[in-house]
There are 2 protein chains.
Amino acid sequence: MASQSIKNIKELASKLNISVTTVSRVINGKARQYRISKKTEKTVLDAADKYGYAPNQFARGLKLDKSETIGVIVPDISNPFFAEIVMSIEKECKKNGFAVLIGNSGDDTEQERILIDHFKSKKVDGVIVAPVGITSKHLEEVFGAGMPMVIIDRTFPGLKIPTITSDNYGGAYVATKQLLDNNHKKIACIQGLNESQPNTERIRGFIDAMRSFKIPEEDIIITGGQFNIESGYCQSLRLLKGSKPPTAIFALNNLIALGVLQAVSELSLSIPEDVSLISFDEQTYSAFLNTPMSTIEQNKEEIGKISVGNLIAQIVGMEIDIELFVSVETKIHERQSIKKIKK
Amino acid sequence: MASQSIKNIKELASKLNISVTTVSRVINGKARQYRISKKTEKTVLDAADKYGYAPNQFARGLKLDKSETIGVIVPDISNPFFAEIVMSIEKECKKNGFAVLIGNSGDDTEQERILIDHFKSKKVDGVIVAPVGITSKHLEEVFGAGMPMVIIDRTFPGLKIPTITSDNYGGAYVATKQLLDNNHKKIACIQGLNESQPNTERIRGFIDAMRSFKIPEEDIIITGGQFNIESGYCQSLRLLKGSKPPTAIFALNNLIALGVLQAVSELSLSIPEDVSLISFDEQTYSAFLNTPMSTIEQNKEEIGKISVGNLIAQIVGMEIDIELFVSVETKIHERQSIKKIKK
DNA sequence: ATAAATTGCTCAAACGTTTGCGCAATTTAT
DNA sequence: ATAAATTGCGCAAACGTTTGAGCAATTTAT
C-alpha cells in the first residue's frame with residue numbers, strides 16, 4: 001500500500017536528497033560493487049518500498065537492450081499438449097524472472113514468421129517455437145542473426161538450432177512392443193502428418209518393433225495422414241469393416257485415438273474384446289474412458305523445463321553445455337485397452 | 001531478406017539524407033498529417049522495407065508510455081477451458097496489434113498479485129484476469145489506480161470492474177430442466193468450490209429448476225465442494241452406493257464429470273441405464289465417451305473476444321459502451337447420457 | 001606531517017524514439 | 001510586383017534509465 005506512489009527514479013532521488021545514480025545502483029543490487037554505504041542503501045531500499053517504486057522497464061530495456069521476456073510460439077494453445085508445455089515454460093520462466101509472450105501460429109508458417117518479427121520488435125530476449133510446416137529456413141535466419149532460440153516438439157533434417165523433442169521412436173517402439181507382447185500379430189498404425197518428424201520417428205519405432213518380432217511385411221499396416229479426429233474415425237471404420245481386420249490399433253496421437261473410439265462405438269464393438277488400442281499422448285481423461293486406455297505419455301513438463309533452461313543459457317551467453325538435441329523419455333501407461341491373446 | 005539490417009532510425013535517416021523526424025512520421029503513418037510529400041513517403045517506406053527496419057519498442061514505449069501489450073492471468077493454462085479462452089484472446093489481440101503476456105496464478109491470490117505487479121512493471125496497457133480466491137481487493141486497487149482491466153469467468157459481489165462470465169444460472173437451469181423433462185425426480189448435483197460465484201450461480205439455476213417442477217426439497221440433493229476429479233469420484237460413489245440413489249447426476253464441471261465416470265465404471269453400472277448424467281463444460285472428448293455425454297458448453301471464444309474488445313475500449317479511452325457485466329449464453333449438447341423415464 | 005589509498009558519492013552522456021515549434025521555399029491571392 | 005497562405009521538412013527537447021569517469025572527504029601508510 002504505497003502511501004503515495006512515485007513515478008520515477010528522479011523523484012525518489014530528490015525526495016531523499018541522493019543522486020539518481022546512487023538510487024539506481026542500490027535498486028539494482030550494486031551497492032557493494034559501487035561502495036554505497038549500508039546506511040544510504042537502507043534509506044533507498046526503504047523509500048523504494050514505501051513509495052512502491054519500480055524502474056520503468058522501457059527505459060531500462062532501452063539502455064540495457066534486454067527485456068527479460070521470452071516469446072513462445074505454438075501451433076495451437078488450446079491443444080492440451082501444447083497448453084501443458086506452455087504451462088511448464090511459464091512456471092520455469094517465472095522462477096528466473098522472465099515474462100512470457102505467447103503466440104499461436106495456427107499451423108501456418110507465415111504466421112510463425114510474423115509472430116517472430118513481432119517478438120523481435122518487442123525485443124524479446126529469446127524465443128521457443130514449436131514449428132509447423134515443412135521448412136525451417138525462416139527460423140534458421142533469425143537464429144543465425146543472433147536471436148537465442150529453442151525448437152520443441154519436432155525438428156528438421158540438419159537443423160542446427162537446439163531442439164527438445166520427445167523420444168518418439170522409443171515411445172512408439174514400446175507401445176508396439178506392448179501389443180506384440182500380448183501376442184497381437186496384425187496391428188494397424190494410424191498415423192498423422194506424413195512429413196512431420198514426430199510422425200516419421202513414431203512410424204520408424206512401430207516398424208522396427210514389428211520387424212524385431214518377425215511380423216511379415218504385409219501385416220505391418222500403416223494408414224491415415226492427419227493428426228485429427230476425422231482421420232482416426234475414417235481409418236478405423238475402414239480397417240474394422242474390412243475382411244481381415246487388425247486385432248489392435250496404434251493411434252499416433254490423442255485426437256486419432258478419439259476417432260478410433262468413435263468408430264468402435266458406432267460399430268457396436270468393444271475394447272479390448274473386439275479390438276485392442278494404444279495411443280500416443282496421455283490425457284487427463286485417458287484413465288476415465290469406459291475402457292481406460294493405454295497410452296504413451298510425453299513428458300510435457302520436462303520439455304518445457306529443459307527448453308527454458310537451454311534458452312536462458314543462450315541468453316546469458318553460457319556457450320557451455322547447450323546441447324543441440326535432447327530427447328525426452330516417454331512413459332507407458334498400461335491400462336485395460338489391450339487384450340491378451342492366447343498363444 | 002533484408003540486404004543489410006539497419007539498427008535504428010538515425011541510420012536509416014542518414015542513409016536517405018532525410019531527417020529522423022520525417023522518417024519517424026512516415027513510419028507511423030502520419031505523412032499526411034505532417035505534410036510529407038508522397039515522394040519522400042515512398043522513399044522512406046521502401047527503404048524501411050528493404051532494410052527491415054522496425055522501431056525499437058523500448059524507445060517508443062518510453063516516449064509514448066504504452067506497450068501495445070496486454071497481460072492475461074488464468075489459474076491454470078493447462079486446463080482446456082482456460083487454454084481455449086487464452087487462444088481466443090490471443091487471436092483477437094493479434095487482430096488489434098496487441099501482444100499478450102501470460103501468467104498462471106495456480107489458484108493462489110498472492111501469485112495473482114505478484115503477476116499483476118510484474119505486468120505493471122512491464123508496462124502492459126491492460127490486463128484480463130480469471131481471478132481465484134475469495135477476495136478482489138487487490139484487483140480493485142489496481143483498477144482503481146487506472147489500469148484497464150477485465151475480469152472473466154467469475155465475479156465478486158459488488159465488483160465494479162467490467163466482467164464477462166458465462167450465463168451460469170441459465171446453463172444450470174437448462175441442464176436441470178433437461179433431466180426433469182425426462183421425468184427424473186431425484187437428481188443429485190455435485191458442486192465445486194462453494195464460495196465461488198460460478199458455483200453459486202449454477203446451484204441457483206439447479207434449485208430454481210427443481211422447484212419450478214415442484215420437486216420436494218428433500219429430493220434436491222447438493223453435495224461436493226471442489227472442482228476436481230477426486231471430489232466427483234467420491235461423491236458419486238457415496239451417492240450411488242446409498243440406499244436411495246438418485247436417478248441422475250448433474251456435474252458442475254468437466255473434472256467432476258470425469259470422477260462420476262470413474263465411479264460408475266468401478267461399480268459396474270452403466271450410463272444411462274443405471275444413472276443419467278449431464279455435465280457443465282463441453283470438451284472435445286465429450287462426444288467420444290462410450291456413452292456420449294450431454295453437456296452445457298461455455299462459449300469460450302466469445303468470452304475471449306468480448307473481453308479483449310472491452311479491454312481495448314478501456315485502453316483507448318472510449319468511455320462509451322463499456323458494459324460492466326456481460327453474461328455469455330451457454331449451449332446444451334444433447335447426447336445419450338440421459339435416460340427417458342416413463343411416466 | 002605528508003603522501004597514498006580508500007570510501008562514498010555525483011555528473012553527464014547515452015540508449016532510440018516522438019513531436020511542438022519554426023523556418024525556407026513555393027504557390028496563390030491581391 | 002507584393003503580400004499571404006501553403007507546402008515540405010528539420011531542430012532539439014523529452015521520456016527514465018544505467019554507468020564510466022571523476023572528485024572531495026576520510027582513512028591508512030610512511
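Just so you know, these numbers come straight off a predicted model, no measurement behind them. Throughout, protein chains are lettered first and strands after them, A, B, ... in sequence-line order, and every chain is numbered starting at 1.
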| said: I'd like to compare against my own output: the B/S/- annotation of nucleotides 12-19 of chain C with a strict under-4.0 Å heavy-atom distance to protein. | reply: B-BBBBBB
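- Using N1 to N3 plus N6-O4 or O6-N4 for Watson-Crick, or N1-O2 and O6-N3 for G-U wobble, each under 3.5 Å, C/dA12 pairs with D/dT19.
- In terms of phosphate contacts, A/S37 brings a side-chain nitrogen or oxygen within less than 4.0 Å of OP1 or OP2 of C/dC9.
- Partner assigned to D/dA29 is C/dT2, using Watson-Crick or G-U wobble distances below 3.5 angstrom.
- Atom CG of A/L324 and atom CD1 of A/I161 lie 9.0 Å apart (nearest 0.5 Å).
- For the pair B/K160 and B/F143, the cation does not sit on the ring face, since its NZ or CZ is not both under 6.0 Å from the ring centre and inside 45° of the axis.
- Ion pairing of B/E41 with B/R25 is absent here, as no side-chain N (NZ or NE/NH1/NH2) approaches a carboxylate O to less than 4.0 Å.
- The CD-C1' distance, from A/E41 to C/dC9, rounds to 14 Å in whole Å.
- The separation between B/K38 atom NZ and D/dC9 atom P is 13 Å, rounded to whole Å.
- Between the CZ atom of A/R35 and the P atom of D/dG22 there is a distance of 14 Å, rounded to whole Å.
- Between A/E110 and A/R113 there is a salt bridge, since a side-chain N of the basic residue sits under 4.0 Å from a carboxylate O of the acidic one.
- We find that CD of A/Q33 is positioned 15 Å from P of C/dC9, with the value rounded to whole Å.
- To the nearest 0.5 Å, atoms OG (A/S88) and NZ (A/K300) are separated by 11.0 Å.
- Atom CD1 of B/I18 and atom P of D/dC11 are 13 Å apart (whole Å).
- Summarising the geometry, atom CD belonging to B/Q111 is positioned 11.5 Å from atom CD1 belonging to B/I116; distances are rounded to the nearest 0.5 Å.
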